[in-house]
Amino acid sequence: MAHTRVRFAPSPTGPLHIGGLRTALYNYLFARQTGGTFILRIEDTDQTRYVPGAEQYILESLAWAGIQPDEGPRAGGDYAPYRQSERKHIYRKYAEQLIASGHAYYAFDTPQELEARREQARQAGNHNFKYDSSVRLEMRNSLTLPAEEVARLIESGAPYVVRLKVPRGEMITFRDRIRGEVQFHSEELDDKVLLKSDGMPTYHLANVVDDYLMKITHVIRGEEWLPSTGHHVLLYRAFGWTLHMPEFAHLPLILKPNGKGKLSKRDGVRLGIPVFPLAWQGDTPEDSFAGFREFGFLPEAVVNFLAFLGWNPGTDQEVFTLDELCRAFSLDKVSKGGARFDFDKARWFNQQHILRMDSRELARRVRPWIEKYGPQPDEDYLVAFCELMKERVTLLPDFWTEGYYFFVPVQQYDEAAIKKRWKPERRPAMEGLVAALENLTDWTAEAIGQTIKQYLTDHGLKFGDVLPFVRLALAGTMKGPGVNEMIALLGKETTLQRLRAGLDLFDRLVTASVESAD
RNA sequence: GGCCCGUUCGUCUAGGGGUUAGGACGCCACUCUUUCAAGGUGGAGACACGGGUUCGAUUCCCGUACGGGCUACCA
């Protein structure tokens, strides 16, 4: 196969949707796997929908996910510029070439005239007005107007568009990498606007021209583009570029959790789940959203999760690094049906990636989530903490909520557990243990374990007789890492102090409940 | 409405003319453990429907149903 060149071509109209990120990911994986080039092209041809900051957001999202473009507005490349607004001058030439060859025409119908025409069709019971071969000869365009009139209109600066002259009676067939052969009757296609009255191209023209100019070999995009691919094929034919036509691969959509429609930003706010990679600050609170990053997802996990929404390697392996995905990915294994967004599965992927991540690397990711609350733990302490906690969290904020007591005093004791278990008779045994620990100098989990075990056997006690109370005094909760490790990390001073304070608290709680029971 | 695409456990999916239809998430149980997790074991749980083709269809074909996408001077 010739050198593959694929592009991700988002429109900067707002934050990049998670579905868009997946499209970018698949393009990236395909490029990496085939040793090809991954290109980012900004499709900003709609000036009315342009949102400042959106392009920056796209760049940051891709960077966060670890899928950097080889060519693009930031990265540069031999086919620059990569922003369609900066390529505006290119498209007109191609539009005129099409007019000259009889594949397109000027149309002067105003939006009002078109609307009137649509309304007229509605009156006649046709709710599906199309500007196509059946009506174009009734409209105001270079096909119906005398040549002098057309020239006069253009010279006088009258607004016009260029439309594709879709031929009659042709069958348009193309092979989609994912769906096989797809066909359209040319009769069903309307005369799409190619060049808008503001001089900008529409997606259809810009897309085909740029893909040709940038030597794109594979167009991997969402299924919502499937219906207009017929027009695109026609365009390649009209330009005489059929031999350079890229291979198409239309990806299944990412659906709402209930399966009804494609996932939208509304679903995010409605269900309290992220549908964007990063937070987006809109003009209003309703237009601002948290992203996967802010929810505490690792980019590795999001990438893994997204990769599996519509693709699978055909093996039992589910947890993949980006590199592994690059190697395992194949367009042929992309499924056809839409995939529902499953937040629980996303959480599971995150848990898996946390679990497998090197603790030192993990500590780097976790640090902001701890410092957010004040503490600034030193590196080794944080690494050790991550080592203890990583198998009991799913999202990054859990490190704090589940293990805050490693950084600050216990805020809340599980009083129900204490009242249920604590017997004041246990106090001497606990005090003895405190004394034993106080004498210990080798403050490691192993030595601590030895000391506790020795003490228990010496006094005929079982683990269950004291350990739950050690845990409660140290962490306030019955949950958490092994007691030995917990003691070792907390340090001698904190451990002894919390144990002593705990004993007093336990007694107080139990006597209080006895009194209230009277 | 028209056109296009799709349909295997609740979800993501493997599979493919003859299988006990496999895995993962979630759920349940058990196990391990001082606890919570993680891990291990086990369980419930699916081929949308109707016709063909065939000795035999979940698998191939055709319909139907259902779902989705598109139907702009938006991408």
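These figures come from a predicted structure and were not determined experimentally. Below, each value reflects all heavy atoms present in this structure, side chains not excepted, and no hydrogens, waters or symmetry copies. Sequence lines set the chain letters: A, B, ... in the order given, protein chains first and strands last, and positions in each chain run from 1.
Contact annotation for A:Gly261: backbone-only contact, meaning every heavy-atom pair under 4.0 Å involves sugar-phosphate atoms and none involves a base. At a threshold of 4.0 angstrom between heavy atoms, the contacts of A:Asn128 include nucleobase atoms, whether or not backbone atoms are also involved. Residue A:Pro481 is classed as a base contact, given a heavy-atom separation below 4.0 Å to a base. Among the protein residues, A:Val470 comes within range of no part of the nucleic acid, since none of its heavy atoms lies under 4.0 Å from any strand. Residue-level contact check: A:Asp398 touches neither bases nor backbone, having no heavy atom under 4.0 Å from any strand. Residue A:Lys130 is out of contact with every strand shown, counting any heavy-atom pair closer than 4.0 Å. Among the atoms of the strands shown, only primed sugar atoms or phosphate atoms (P, OP1, OP2) are found under 4.0 Å from some heavy atom of A:Lys333. A:Arg347 comes within 4.0 angstrom of nothing in the nucleic acid, heavy atoms only. At a threshold of 4.0 angstrom between heavy atoms, the contacts of A:Glu402 with the nucleic acid are absent. Within the 4.0 angstrom heavy-atom criterion, base atoms lie near A:Arg471.
With a 6.0 Å cutoff to the six-membered ring centre and a 45° limit on the axis angle, A:Arg426 does not count as a cation-pi contact of A:Phe469.
Between the base of B:rC36 and the side chain of A:Arg392 there is a donor-acceptor pair shorter than 3.5 Å. Between the side chain of A:Lys345 and the base of B:rA24 there is at least one donor-acceptor pair of N/O atoms closer than 3.5 Å.
A salt bridge links A:Asp287 with A:Lys265: the closest approach of a Lys/Arg side-chain nitrogen to an acidic carboxylate oxygen falls below 4.0 angstrom. By the 4.0 Å N-to-carboxylate-O rule, A:Arg41 lies close enough to A:Asp211 to be salt-bridged with it.
Separating the P atom of B:rC9 from that of B:rC4 is a span of 26 Å, rounded to the nearest Å.
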- Trace of the side-chain hydrogen bond (donor to acceptor under 3.5 Å, both in side chains) decision for A:Glu119 with A:Gln123: CA-CA 6 Å; A:Glu119 184 51 38; A:Gln123 298 293 328; 2.7 Å; yes
